Amino acid sequence: MFNKYNMSLNRHNGTVAVSKLGLEKFDYESELMMYIGKTARNVSEADALSYVFGYSCGNDFTARDAQQRVSRWMTGKTPDQFAPLGPWLVTADQIPDPQTLQVQTFVNGETTPRQDMNTSQMIFNCAHIVSYTSQFITLQPGDVIFTGTPSGVITGYLKEKQVWLKPGDRARTAITKLGELYFTLT
């Protein structure tokens, strides 16, 4: 587990000002987002999804060079604007099973996804994530949980095939029933 802070939040069609950071290895991480709707502490996995208000697309945008300089990931994951969310918050009653959604990433209008996975393939399912997190942290209404990213992130490629995102690039996260989240690097 790691944190993202309020200043990291960004919106659909937002911009991420990477040119101001003096870094070079910018990576996408499309993820299903869960929004907590009621206080959750020590909840069972069987009851965990009843604490989820809704879901959206999200991107755990990361500066890999900052992340890899230290043993903790915070500096690569929490800069301002590094958490684009949206375009909508879809209530949990409209997504009865969050483990059936396709998660994809596209860059600069590409038609072949760089990331492509069904949430049924997640290492930890949504109910487990909420239950586990609630054992350590009291989750409050409005808390947002990133659920993890599929394979296909740039850092996972062989070094000679890593083409990092740069200013001017536009990323798109698409998740079944949740829409498409866009953001641009500046």
Side-chain angles (χ1 to χ4, degrees), residues 1-12 14 16 21 27-64 66-103 105 115 117-151 153 155 171 173-179 181 183:
M1 288 192 278
F2 58 87
N3 302 21
K4 288 239 187 208
Y5 300 99
N6 291 346
M7 292 305 296
S8 299
L9 295 176
N10 203 337
R11 62 180 176 79
H12 171 62
V16 180
L21 296 176
D27 205 350
Y28 47 77
E29 289 191 32
S30 291
E31 300 190 22
L32 173 65
M33 308 302 297
M34 294 188 291
Y35 295 76
I36 300 301
K38 58 185 180 178
T39 302
R41 178 72 181 155
N42 294 318
V43 302
S44 70
E45 199 165 317
D47 295 332
L49 293 183
S50 70
Y51 291 84
V52 176
F53 176 79
Y55 304 91
S56 79
C57 299
N59 201 294
D60 180 15
F61 188 72
T62 304
R64 298 291 183 198
Q67 177 187 3
Q68 295 164 353
R69 285 182 191 159
V70 294
S71 62
R72 303 285 181 226
W73 291 2
M74 188 177 79
T75 56
K77 299 222 173 240
T78 61
D80 293 357
Q81 307 164 326
F82 267 43
L85 307 173
W88 304 291
L89 171 57
V90 179
T91 56
D93 63 315
Q94 296 179 66
I95 310 292
D97 184 358
Q99 302 310 143
T100 61
L101 308 174
Q102 201 67 25
V103 179
T105 303
Q115 293 184 282
M117 176 202 79
N118 192 282
T119 54
S120 65
Q121 299 169 295
M122 290 169 58
I123 295 170
F124 301 109
N125 68 37
C126 292
H128 177 81
I129 292 169
V130 172
S131 174
Y132 180 80
T133 305
S134 77
Q135 307 309 307
F136 301 96
I137 301 165
T138 301
L139 297 169
Q140 297 291 327
D143 285 347
V144 182
I145 298 175
F146 286 78
T147 61
T149 196
S151 63
V153 294
T155 199
T173 295
I175 302 180
T176 311
K177 301 181 182 179
L178 302 179
L181 166 69
F183 66 96

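In this text the structure is predicted, and so the values were computed from the model without any measurement.
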* **Interatomic spacing from CD1 in Ile145 to NZ in Lys4 - rounded to 0.5 Å** => 14.5 Å

* Thr173 and Asn59: side-chain donor and acceptor closer than 3.5 Å? -> yes

* About how many Å separate CD1 of Ile137 and CG of Asn3, when rounded to the nearest 0.5 Å? -> 7.0 Å

* Sub-3.5 Å donor-acceptor pair from the side chain of Gln99 to the main-chain atoms of Cys126, do we have one? -> yes

* Which heavy atom of Thr155 sits nearest a heavy atom of Gln68, and at what distance? -> OG1-NE2, 3.6 Å

* Asked: With distance as the sole test, does Thr176 use its side chain to make a donor-acceptor pair with the main-chain N or O of Leu101 at under 3.5 Å?
  -> no

* Over all atoms of both residues, closest heavy-atom pair of Ser131 and Ser134 -> O-OG, 2.8 Å

* Taking all non-hydrogen atoms of both residues into account, name the closest pair between Val144 and Met33 and its distance. => CG1-CE, 3.3 Å

* To do: Kindly indicate whether the side chain of Arg64, heavy atoms from C-beta on, has any atom under 4.5 Å from the side chain of Val153.
  => yes

* To do: Find the distance between CD1 (Ile175) and SG (Cys57) and round it off to the nearest 0.5 Å.
  => 4.0 Å

* To do: Going by the side chain to side chain contact (heavy atoms under 4.5 Å, CB included) test, name the single residue among Thr147, Ile123, Leu32 that passes it with Ile129.
  => Thr147

* Asked: Ala66 and Gly76: which non-hydrogen atoms are nearest, and at how many Å?
  -> CB-CA, 3.9 Å

* Asked: Is the shortest heavy-atom distance from the side chain of Arg69 to the side chain of Thr75 under 4.5 Å?
  -> no

* To do: Hey, could you give me each pair passing salt bridge (charged side-chain N to carboxylate O under 4.0 Å, His left out) that has a residue in residues 73-95? Not counting sequence neighbours.
  => Glu29-Lys77, Asp60-Lys77

* Structure fact -> Rounded to the nearest 0.5 Å, the CE atom of Met117 sits from the OG atom of Ser151 at a distance of 8.5 Å

* **Where at least one partner belongs to residues 31-50, residue pairs that pass ring-ring contact (aromatic ring centres under 6.0 Å, His included), sequence neighbours excluded** => none

* Over 12 non-hydrogen atoms of neighbours within 6.0 angstrom of CG in Asn6 -> no

* **Backbone of Ser30 reached by a side-chain donor or acceptor of Thr149 within 3.5 Å** => yes

* Asked: Which atom names give the shortest non-hydrogen contact between Pro87 and Gly179, and what distance separates them?
  -> CD-C, 4.3 Å

* Asked: So which pairs with a foot in residues 78-103 pass ring-ring contact (aromatic ring centres under 6.0 Å, His included), sequence neighbours left out?
  -> Phe61-Phe82

* Structure fact -> Sorted by chain and residue number, the side-chain contact (heavy atoms from CB on, under 4.5 Å) partners of Gln140 (sequence neighbours excluded) come out as Thr39, Thr138, Asp143

* Asked: Short question: side chain of Gln115, backbone of Pro150 - any donor-acceptor pair under 3.5 Å?
  -> yes

* Asked: What's the spacing between Leu178 CG and Gln102 CD if we round to 0.5 Å?
  -> 12.0 Å

* Heavy-atom check, side chain of Met34 versus side chain of Pro98, under 4.5 Å -> no

Can you give each donor-acceptor pair under 3.5 Å made by side-chain atoms of residues 45-55, sequence neighbours left out, with the distance rounded to 0.1 Å?
{"residue": "Glu45", "atom": "OE1", "partner": "His128", "partner atom": "ND1", "Å": "3.2"}
{"residue": "Asp47", "atom": "OD2", "partner": "Ser44", "partner atom": "OG", "Å": "3.2"}
{"residue": "Ser50", "atom": "OG", "partner": "Asp47", "partner atom": "O", "Å": "2.6"}

* Asked: If only atom types and distance count, is the side chain of Asn10 paired as donor or acceptor with the main-chain N or O of Pro84 below 3.5 Å?
  -> no

* Residues in ring-ring contact (aromatic ring centres under 6.0 Å, His included) contact with Tyr28, at least two apart in sequence or another chain -> none

* Is there a side-chain contact between Gln67 and Asp27 (heavy atoms, below 4.5 Å)? -> no

